Undergrad: 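Have a look at this one.
One-based numbering along the sequence shown. Side chains included, hydrogens not; waters and symmetry mates left out as well; all remaining heavy atoms used. As the structure is a computational prediction, the values presented were derived from the model and not from experiment.
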Amino acid sequence: MTTYRFRFAHFLSVLMLGLALVSTAACTSTSTRQSTGEYLDDSAITAKVKSAIFGDPELKVFQISVKTYNGTVQLSGFVDSESMVDRATEVAQEVSGTQAVKNDLQVKKQ
C-alpha cells in the first residue's frame, strides 16, 4: 500500500511539473507567435488607433481596418483620397506604443 501511495505521489509531482512547464512555455513568444502580454499590448494599440481614426474629422473609421502585430500597425481598406491615406498614417504614428505603420490603404477610383 505504501508503494502505491509513493508512486501515485511521484506521478502527481511529475504531472504538475509537466503542466507548469507547458503553461510557462505557452506564455513565451516565438518568432512566429506572440506571448499573451504582447497580444494584449497589440490589442490595446489597435483599439487606440481605431479610436484616434474615429475621432479624426478627416477620416472615415468604417473604411479603415486596423491590425497590430509586435507594435507594427497595419492599415488596410479603401479611402476617398491620397490625403486620407497620409492622414491615417500620421494618426496611427501618434498613438503611443506604435513602433511602425504599414499603410496598405487604397484610394477608390471614382
Undergrad: For Ser76, which residues count as a side chain to side chain contact (heavy atoms under 4.5 Å, CB included) partner, sequence neighbours excluded?
TA: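 With neighbours one apart ignored, the set is Ser65, Asp104.
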
Undergrad: Under the side chain to side chain contact (heavy atoms under 4.5 Å, CB included) rule, collect the residues that match up with Gln93, sequence neighbours excluded.
TA: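 Testing Gln93 for side chain to side chain contact (heavy atoms under 4.5 Å, CB included), a comparison that skips the adjacent residues, returns Thr89, Val101.
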
Undergrad: Please report the shortest heavy-atom distance between Val95 and Ala52, naming the atom on each side.
TA: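 Residues Val95 and Ala52, closest heavy atoms: CG2-CB, 4.2 Å.
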
Undergrad: Can you name the residues that form a side chain to side chain donor-acceptor pair (under 3.5 Å) with Thr46, not counting sequence neighbours?
TA: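 In terms of side chain to side chain donor-acceptor pair (under 3.5 Å), with neighbours along the sequence ignored, Thr46 is linked to Thr68.
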
Undergrad: Minimum heavy-atom separation for Val91 to Ile53, with atom names?
TA: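 Heavy atoms of Val91 and Ile53 come nearest at CG1-N, 3.9 Å.
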
Undergrad: So, for Ala92 and Thr98, which heavy atoms are closest and what is the spacing to 0.1 Å?
TA: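 Closest approach of Ala92 to Thr98: O-OG1, 3.1 Å.
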
Undergrad: Say whether, by atom type as modelled, one donor and one acceptor occur between the side chain of Asn103 and the main chain of Ala88 under 3.5 angstrom.
TA: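 No; judged by distance alone, with no hydrogens or angles, the pair does not exist.
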
Undergrad: By the salt bridge (Lys or Arg N to Asp or Glu O under 4.0 Å) test, which pairs, at least two apart or in different chains, include something from residues 68-79?
TA: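 The answer is none; no pair qualifies.
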
Undergrad: List in chain and number order the residues that pass side chain to side chain donor-acceptor pair (under 3.5 Å) with Thr72, two or more places apart in sequence or in another chain; answer none if no residue qualifies.
TA: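 Side chain to side chain donor-acceptor pair (under 3.5 Å) check on Thr72 returns nothing, list empty.
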
Undergrad: Apply side chain to side chain contact (heavy atoms under 4.5 Å, CB included) to Glu58 and list each qualifying residue two or more places apart in sequence or on a separate chain.
TA: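 So Glu58 forms a side chain to side chain contact (heavy atoms under 4.5 Å, CB included) with Asp56, Arg87.
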
Undergrad: Please determine whether residues Ile64 and Val107 belong to a single hydrophobic cluster, defined as Ile, Leu, Val, Met, Phe, Trp and Tyr linked transitively by side-chain heavy-atom distances below 4.5 Å.
TA: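 Hydrophobic grouping puts Ile64 with Val107.
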
Undergrad: Applying side chain to side chain contact (heavy atoms under 4.5 Å, CB included), name anything that partners Ser43, two or more places apart in sequence or on another chain.
TA: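 Applying side chain to side chain contact (heavy atoms under 4.5 Å, CB included) to Ser43 gives Tyr39.
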
Undergrad: Calculate, to the nearest 0.5 Å, the distance between atoms NZ and CD belonging to Lys67 and Gln74 respectively.
TA: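 Rounded to the nearest 0.5 Å, the NZ-CD separation comes out at 7.0 Å.
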
Undergrad: Can you list every pair that meets salt bridge (Lys or Arg N to Asp or Glu O under 4.0 Å) and has a residue in residues 75-84, with sequence neighbours left out?
TA: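 Only Lys60-Asp80, Asp80-Lys108 qualify under salt bridge (Lys or Arg N to Asp or Glu O under 4.0 Å).
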
Undergrad: Might you point out which heavy atoms bring Leu75 and Val73 nearest each other, and give the distance in Å?
TA: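 Taking Leu75 first and Val73 second, the nearest heavy atoms are CD2-CG1, 3.9 Å.
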
Undergrad: Test side chain to side chain contact (heavy atoms under 4.5 Å, CB included) on Gln106 and Phe78; report intermediate values, then the result.
TA: CA-CA 5 Å; Gln106 300 291 314; Phe78 296 92; 3.6 Å; yes

Undergrad: Quick check for you: to the nearest 0.5 Å, what is the distance between Ser81 atom OG and Asp86 atom CG?
TA: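 Taking OG in Ser81 and CG in Asp86, the distance rounds to 8.5 Å.
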
